[in-house]
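Everything below concerns the one structure shown next.
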Amino acid sequence: MNLLARYAECIFWMARYMERAENLARILDVHETFARDTRGMTNWFSIVQLNADEKDFFSRHDRPTAEAVVHYYMFDTQNTNSLVSMLRMARENARVLRPWISTEMWTQINVFHNKLVEMNGKDVALSNLSKVCTWIKEECQTHTGITEGTFYRDQGWYFYQLGKYIERADQTTRLLDIKYHTLLPSPVVVGSTLDMSQWTTVLRSAAGYHAFRRVYPRGMSPTTVAGFMMFNEGFPRSVVMCVRQIDGLLTRLKSRYTLRNGSDAMEKVDELLGALLARPIEEVIQLGLHEYLDGVQAQLCGITTEIGRAFFGQDTVVMTQSQSQ
Amino acid sequence: MTNYDPGLYYDELFGGRDYPAEHSALIRQRLAGLNFGDLLRRSQDAERELYNLGITFLVYSNKDAVDRILPFDIIPRVISAKEWAHLEAGITQRVMALNLFLHDIYHDQKILKDGVIPADLVLGNGCFRPQMVGLDVPFDTYIHIMGTDLVRDREGTFRVLEDNGRVPSGVSYVVENRHMMQRVFPDLMQDIGIRPVDNYGHKLLDAMMEIAPQDVADPQVVLLSPGSYNSAYFEHIFLAREMGVPLVEGRDLVVENDRVYMKTTNGLARVDSIYRRIDDAFLDPKAFNPDSMLGVPGIMEAYRKGNVALANAIGTGVADDKAIYCYVPRMIKYYLDQEAIIPNVDTRICREADALQYTLDNLDKLVVKPVGEAGGYGITIGPRASKEELADCRAKLLADPSNYISQPVVDLSVCPTVTDDGIDPRHVDLRPFAITGKNTWVLPGGLTRVALKKGTLIVNSSQGGGSKDTWVLQDGSQEGSAS
């Protein structure tokens, strides 16, 4: 059965937006915890920096107060990186896919979106923010569960999974980057109690604290945490784990459905996986984790572009010409 | 229900004053056993669920597009098996005559030569497509999907108000309303014997496969939509899902060597049969409106070569025109040598001098409709119009008489409806749907639209109307002694 290229693209992006929404909720939740210390202001601003939204943010706000940042990332419809915008885009994609996805999947996204839109500033006052973030995470996880349990397993499933894992890998690099980007202004605090509690929070935000403890029952260092989140082969949000999934998905997608295209995407995935496995974390940190994470993000972006060219109809004209020759 | 009074109107649940509806006795009895609070609660549950399921249409207000549900009333409209047999025969007859008419005007034009219908009315019609002249379509079927708007007058006689032979919509609500009723009102439906409506998608797919080019073994069918900002987008989703075919937009299709292809993850794949929900004018910028971005360049030529099937065919709009409508009974006589099984509402064509005079003389008693408008716009209802409105209507008539028809005010039948003030009579109409490939099949039921505002006769969703489930009873079901 032929899969319409535009459907494949919508599935891919629906998965990405839902995964992204879940991660943003995690990040907001983590910052709510961070902001309880004296550096509250700095911490809220780091989310803006993390998403490179400074210009847009300051076009509508004077200062990055907690209220301003939370509003900006929860309800600002002009901000394409806000939860409301992400849910709107996930829902728009789901709406296109409605003839094709399960009714349960559509209904859950629709209800989730409508509830979020009906919320207002009072619902996310700081005292309530963590609760709301938990609700959003749970709705996203419900989506994942419903999808797992009801999505018909054909080509579309692979594109869904591809979108999910690419986004997840990207988000894990970003989560890790908060730490190096902004939370480590001076080497003095490294290894201090405060520093450790913040690393713990990063791990918790990726739902990785308990898994980490199983691997490292004693002690916690920036190196072990970063290594765990980047390279652990068993942690579902580690970058290596996600890229391995992407690799396997592309291979199976191509072989099972005898798709002609996608070799360039597979090559790029191989490159990334090779690069990830080439260096231990100690070396990475020495060379500069932030730059390294930036590089990984760029490579994930390149893979997305290749997938688009191969499968989403963006190269159709060229392909047709070669067909008719 | 005890204080319910339909007044002088024919009632869809109770029947007329002199002809009580025996077939719905059991349903009335069950409804009477429910208290109003319970009805209201169930009705709210149903509307909430429609919203959650996204069974909505888009309304454009100022700059925002808002998702709205079509308000749903949970008291059903009930049609007996005998009444339905009559409607089914009448609709089938009408589809047949309209298809014969379309074939004729795009071939020999006998009906025009014989002077049964004025030639200029057809050939000068904006919906007449010269590109279709001399072209043969499978089974000579032009209107594959037809929605016929019916009303019931004070005597209980069904009459045709309008034919919709281009891209009639509303069938998704017929099926979804039934699903909703089954969830919120199972106790009312139990053992009643209601004919099912959920095989519409299969029947439509069958017809789309039948009309595909004959040399294709396993035809690829698609539904072509203008996109997610179209107000009927939910219906497009619904139909694509029920048929199990891709819902495509113009940008998904390309024409090469006069064949239509869709872009897939594996390159281009052939498309053989298209249920298009785009008007002729926007279908192909090469053949029609060159500014349209919605359609597919070259699709008309692929169609002319017989490489792809389109439903409905191009140029069917000329048959569902409000002016042509008046001639349909004569058309039935001409092609089939039969009387129309379902009569029209008496209609006068203002382009004819005596009809214009009659209309002008009786303006305060008539409904005057512009020929080219849809959705209830531009209508003047004489008895309810102010002096200014009547004067305005008179001026428009005199300025451009051929743009208008006039009809007596039909006292539309009513149906008990849940309102804020309790159960009240509200006016309804009915749009049954017929599918024609090789043969014609009529969905047992149809969209019952209900005017929710007290006293109003206009039932269109764009004018604040809602809908009801339409129950066609099975033969030999709870019809008791009705015969």
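By convention in this document, chain letters (A, B, ...) are assigned in the order of the sequence lines, proteins followed by strands, and residues within each chain are numbered from 1.
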- Check: A/R95 side chain, B/S228 main-chain N or O, donor-acceptor pair, under 3.5 Å: yes
- With no hydrogens and no angle check, is any side-chain donor or acceptor of B/D252 less than 3.5 Å from a backbone partner on A/Y7? no
- Measure distances from B/V248 to the heavy atoms of chain A and classify the residue's part below 4.5 Å as side chain, backbone, both or neither. both
- Measure B/E249 against the heavy atoms of chain A and call it side chain, backbone, both or neither at under 4.5 Å. both
For the atom pair [atom1] ([X]) and [atom2] ([Y]), what is the distance rounded to the nearest 0.5 Å?
X      : Y      : atom1 : atom2 : result
B/I237 : A/W106 : CD1   : CH2   : 6.5 Å
B/T265 : A/N261 : OG1   : CG    : 9.0 Å
A/L4   : B/L247 : CG    : CG    : 9.0 Å
A/N2   : B/R270 : CG    : CZ    : 13.0 Å
B/T264 : A/R6   : OG1   : CZ    : 13.0 Å
A/L3   : B/N266 : CG    : CG    : 10.0 Å

- Message: For B/N257, I'd like to know if atom CG has over 12 heavy atoms of other residues, nucleotides or ligands within 6.0 Å.
- Response: no
- Query: What part of A/E9 lies closer than 4.5 angstrom to a heavy atom of chain B: side chain, backbone, both or neither?
  - Reply: neither
- Query: Taking all non-hydrogen atoms of both residues, which atom of A/R260 and which atom of B/G267 are closest, and how far apart?
  - Reply: NH2-CA, 3.9 Å
- chain A shares the most heavy-atom pairs under 4.5 Å, among B/Y233, B/F234, B/Y261, with B/Y233
